[in-house]
Amino acid sequence: AYDQLIAEHHPEIKMDMEGKKTFGMETNAKTLSRWVLNEQRRTPGATGDFSTLLNSLLTAIKSISAAVRKAGLQQLFGLAGGQNVQGEEVKKLDILSNELMINLLKGSFTTCALVSEENKEVIMDNDWDRLKGDFRKGHEEFVIETDMHKGKYIVVFDPLDGSSNIDVLISVGTIFGIYRKVHPDA
């Protein structure tokens, strides 16, 4: 009776073949975060570091995607000046994307080194203190303890691949690789 009442007064809510209500979109989607957390629970000895790292990456990538979508409104199109390590002109979105990736990955405390296409040098965990000014851009300050950020992952990335195509509306994306540190003391 309830289902019939719903069907009569809310035609946008339909029943699927199994009798479950549908709303024209998936309401119980299996996201990457949800899948990773489920796999973590099934893995003996999992510490959650990899899940934290992936969630930080997802947040950075979603933030980059939002910045790309709003680039015209926020005047983020165009050149920032200078050249990157490949000799390409640096765009404003390249700088923003690189900052997002570095800050969110450093803030996860799961990495020991970051390698960005936009930086000449590898960012090592002993550079965190030198770079901690990056963490003070918001209203909060993050205190970085020496032992706290001895992560076990190395992340390599191109924060905004194809950025030279952005002005002509061709697809862009973020490329990354995650490697586990071989020696715990390294």
Side-chain angles (χ1 to χ4, degrees), residues 1-74 76 93-94 96-118 123 125 135 137-138 140 142 148-163 165-166 169-182 184:
Y2 175 75
D3 291 337
Q4 184 178 3
L5 183 66
I6 293 284
E8 289 174 11
H9 295 286
H10 297 284
E12 71 278 6
I13 301 175
K14 301 184 180 8
M15 303 297 245
D16 67 9
M17 301 290 275
E18 298 171 4
K20 295 178 187 172
K21 295 177 192 74
T22 63
F23 299 90
M25 64 182 287
E26 180 63 52
T27 60
N28 192 20
K30 185 170 262 191
T31 64
L32 180 58
S33 295
R34 185 174 172 184
W35 182 82
V36 167
L37 289 172
N38 189 46
E39 290 300 309
Q40 175 187 318
R41 285 186 11 200
R42 296 176 32 190
T43 306
T47 63
D49 284 353
F50 190 70
S51 301
T52 301
L53 174 61
L54 281 179
N55 280 321
S56 294
L57 270 169
L58 286 172
T59 303
I61 292 167
K62 286 178 181 180
S63 299
I64 292 167
S65 176
V68 168
R69 285 192 315 271
K70 297 176 184 177
L73 296 172
Q74 295 177 336
L76 293 173
L93 280 169
D94 287 325
L96 175 66
S97 301
N98 198 46
E99 291 278 324
L100 284 166
M101 290 290 285
I102 291 170
N103 289 334
L104 283 161
L105 290 171
K106 285 190 317 186
S108 74
F109 302 107
T110 59
T111 60
C112 61
L114 303 175
V115 181
S116 172
E117 183 194 40
E118 302 298 325
I123 301 169
D125 66 354
F135 284 95
K137 291 190 175 169
E140 300 176 43
F142 294 91
M148 198 169 140
H149 61 273
K150 295 287 184 188
K152 57 185 169 191
Y153 296 103
I154 300 163
V155 181
V156 298
F157 56 90
D158 181 351
L160 192 60
D161 186 52
S163 62
N165 298 326
I166 242 174
L169 301 175
I170 296 177
S171 297
V172 295
T174 300
I175 300 172
F176 66 90
I178 301 171
Y179 300 91
R180 190 171 187 158
K181 183 168 59 170
V182 178

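The figures here come from the full heavy-atom set of this structure, side chains too, leaving out hydrogens, waters and symmetry mates. All figures in this text were calculated on a predicted structure; none of them were measured in a lab. For this chain, numbers begin at 1 and follow the sequence in order.
Annotation: the span from Asp49 atom CG to Gln40 atom CD amounts to 9.0 Å, rounded to 0.5 Å. Between atom CG of residue Asn38 and atom OG1 of residue Thr31 there is a gap of 10.5 Å, rounded to the nearest 0.5 Å. Atom CG in Leu57 sits 11.5 Å away from atom OG1 in Thr52 (nearest 0.5 Å). Atom-to-atom distance recorded for Leu37:CG and Leu32:CG is 9.5 Å, nearest 0.5 angstrom. Of the inter-residue distances, the one linking Ile102 atom CD1 with Glu118 atom CD reads 9.0 Å to the nearest 0.5 angstrom. Once rounded to the nearest 0.5 Å, the distance linking OH of Tyr179 with SG of Cys112 reads 13.5 Å.
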Original post:
Would Val68 and Leu160 count as a side chain to side chain contact (heavy atoms under 4.5 Å, CB included) if you check the C-alpha gap in whole Å, the side-chain angles of each, and the deciding distance to 0.1 Å?
Top reply: CA-CA 9 Å; Val68 168; Leu160 192 60; 4.0 Å; yes

Subject >> Thr111 vs Ile123, side chain to side chain contact (heavy atoms under 4.5 Å, CB included): CA-CA, chis, key distance, verdict >> reply: CA-CA 10 Å; Thr111 60; Ile123 301 169; over 6 Å; no

**OP:** Could you walk me through whether Thr47 and Lys152 pass side chain to side chain contact (heavy atoms under 4.5 Å, CB included), step by step?
**Re:** CA-CA 11 Å; Thr47 63; Lys152 57 185 169 191; 3.4 Å; yes

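Under the salt bridge (Lys or Arg N to Asp or Glu O under 4.0 Å) criterion, Asp158 pairs with no residue, sequence neighbours left out. Shown here are the ring pair (Phe, Tyr, Trp, His ring centres under 6.0 Å) partners of Phe50, two or more places apart in sequence or in another chain: Tyr153. Listed by chain and residue number, Thr110 satisfy the side chain to side chain donor-acceptor pair (under 3.5 Å) test with Ser108 (two or more places apart in sequence, or in another chain). Remark: Arg180 engages no residue in a salt bridge (Lys or Arg N to Asp or Glu O under 4.0 Å) (not counting sequence neighbours).
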Which donor-acceptor pairs under 3.5 Å do the side chains of residues 59-67 make with protein atoms, sequence neighbours left out?
residue	atom	partner	partner atom	Å
Thr59	OG1	Asn55	O	2.9
Ser63	OG	Thr59	O	2.8
Ser65	OG	Arg69	NH1	2.8

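The residue from Val156, Asn98, Val155 that alone fulfils the side chain to side chain contact (heavy atoms under 4.5 Å, CB included) condition with Ser116 is Asn98.
For Lys30 (side chain) and Trp35 (main-chain N/O), no donor-acceptor pair under 3.5 Å exists by modelled atom type. Looking only at distances, a side-chain donor or acceptor of Thr174 sits under 3.5 Å from a matching main-chain atom of Pro159.
Applying the salt bridge (charged side-chain N to carboxylate O under 4.0 Å, His left out) test to pairs two or more places apart or on separate chains, those with a residue in residues 33-43 are Glu39-Arg42.
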